[in-house]
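Everything on this sheet refers to the single structure shown next.
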Amino acid sequence: MENEILIKKGAEAELYKSTWMNREVVIKRRKSKSYRNPDLDRYIRVHRTSLEAKLLSDARKLGVPTPIVYDVDLNNTQIIMSFIRGPPLKNLIPKMNKEYMKKTFIEIGRLVGLLHKGGIVHGDLTTSNMLIQNDMIFFIDFGLGDYTKDIEARGVDIHLMRRAIESLYYEFSEYAYESFIIGYKEIMLDEANDILKRVIEIRKRGRYVEGDRHK
Amino acid sequence: MKIYIMGIESTAHTFGCGIVTSNGEILSNVKSEYMPPSGGIHPREASQHHSQKALSVIKKALEEAKISLYDIDGVAISLGPGLGPCLRTGATIARAIALLINKPLIPVNHCVAHIEIGRLITKEEDPLVVYVSGGNTIISAFSDGRYRVFGETLDIALGNCLDVFARHLGLPHPGVPKLEALADKGKNFIFLPYIVKGQDVSYSGLLTTAIKYIGKYDSCDLSMSLLETAYGMLAEVTERALAHTEKTSLLLTGGVARSLRLQRILKSVCEEHSARFHVVPPELAGDNGAMIAWTGYLAYKENITIPIESSFIKQRWRLDEVEIPWRMRY
């Protein structure tokens, strides 16, 4: 496509900003890996592209704001989706007052609850993967997501969220996390208990730590 | 003054004794590997091999190092993770030596030792480590005082998966090089379960399916497909960890590190991320006593020793449980 501007280069895919049918869009393109067998490489890219597109639109049906999928192109293993201007939640947190923070994290808790209740896990819940636009919280990047009601997978989702909160806003992290749990329980009800128990276990394992980015 | 540390390794099928100095010189590194007459490693039989060979291995290590037992300043023992009977044999021997020469016993985690000897040899200060063997499949990097696990197998180890498949094909031990030779002649790719969950891999379903396909498909094609799938999964989580941690070098170690095919794949991952690629040489990548001795020295320097009466073996001692005080905090 013309006028593609690279906005992010991940381990698996590249993100470009562009226009498509007069709309501002993001193109997520999974690149071929030279180290993989070509048949296997093709299969993985096609499979994941279609899975991610499905997750994005199914999450939307559950009431979780996500980019609108305009086009899934399995030949080029790319998804064209609506551009969400942002900013990422990560940038907003330090500017939040306590009241607004509480409101925001209760809402995030609700949204994660809606995903989990609907049988979806995100797989990479960090504050960089949530964008705020028009007072709505958009979840992006379902590249590690899956359809599952597995307690471990749900627990990892919540644990990652907690780690992300702690790394950004240490002073009020307990408060933010508690707000998150209020929203999560509102949707998940009693189902939340086993998952939150698992979160404590996962935390004890001490392996899902942030990388050295914040050193 | 130079310090001499002896290291005893006996977590699985290798009994090893190594002697290092505080300067990082490896004076000796002697080992004896248990080879099962058929089938896999039976823990009890491996431990009997260890007790039979221990004396000659230790004697030879001392001879090659040209020192006497009484020159040793500390005895490092690999207390886990590993096979219970094998660990107990090694621990009993190490305790006896420590008591005999009246020097401290130093507890060493086997996985930490693989990383530390790799750092010593390659002179890489802070690499991402890919540790693959018959018993472990771990992607680890140092962060906040410990070697954190960024990815690992959810069930069986990579080496175990390949060894068992090789045995089912009737290939004698060690199976992986023979499997790779077959794979070189493979032409058609057969789809097998490719299981990556977030940062982790799972090899048990892949193995089961590959075994089921024996006889249905050409062995060369099947071997090639198994290796491509298994190594591809590892490469993917390695790449993700490399991108996430932003480390500038990668260290490949463990018994499976000698696979040229795997080396080629991971090297290409490194090139894409402009990271330096290192493979630990086979005599130090496979289980050995020198790595236990060297890590023992690092611990000894920090006064980490263990009284004989509480030197229990730990079959499931995780890498990320161990504090690493000898490394600067990043």
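Side-chain atoms are counted along with the backbone in the values below, which use heavy atoms only and exclude waters and symmetry mates. We name chains A, B, ... by the order of the sequence lines, and we start the count at 1 in each one.
- Atom NZ of A:K54 has 12 or fewer neighbouring heavy atoms from other residues, nucleotides or ligands inside a 6.0 Å radius.
- When B:Q199, B:R240, B:K197 are each tested for a side-chain contact (heavy atoms from CB on, under 4.5 Å) with A:L144, only one passes: B:R240.
- A:L40 approaches B:T229 most closely through the heavy-atom pair CD2-CA, 4.0 Å.
- Closest heavy-atom contact between A:R36 and B:E228: C-OE1, 4.2 Å.
- Rounding to the nearest 0.5 Å gives a distance of 11.5 Å between CG of B:L227 and CG of A:N37.
- Surrounding OH of A:Y43 are at most 12 heavy atoms belonging to other residues, nucleotides or ligands under 6.0 Å away.
- Residues A:S34 and B:E272 form a side-chain contact, since some pair of their non-hydrogen atoms from C-beta on lies under 4.5 Å apart.
- Inspection of the A:Y35 and B:E239 side chains reveals an N or O donor paired with an N or O acceptor under 3.5 Å.
- Between the CG atom of A:D41 and the OH atom of B:Y194 there is a distance of 8.5 Å, given to the nearest 0.5 Å.
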Worked check of side chain to side chain contact (heavy atoms under 4.5 Å, CB included) between A:K33 and B:E236 | CA-CA 9 Å; A:K33 299 286 178 193; B:E236 180 183 340; over 6 Å; no
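- In this structure, chain A has no heavy atom under 4.5 Å from any part of B:E321.
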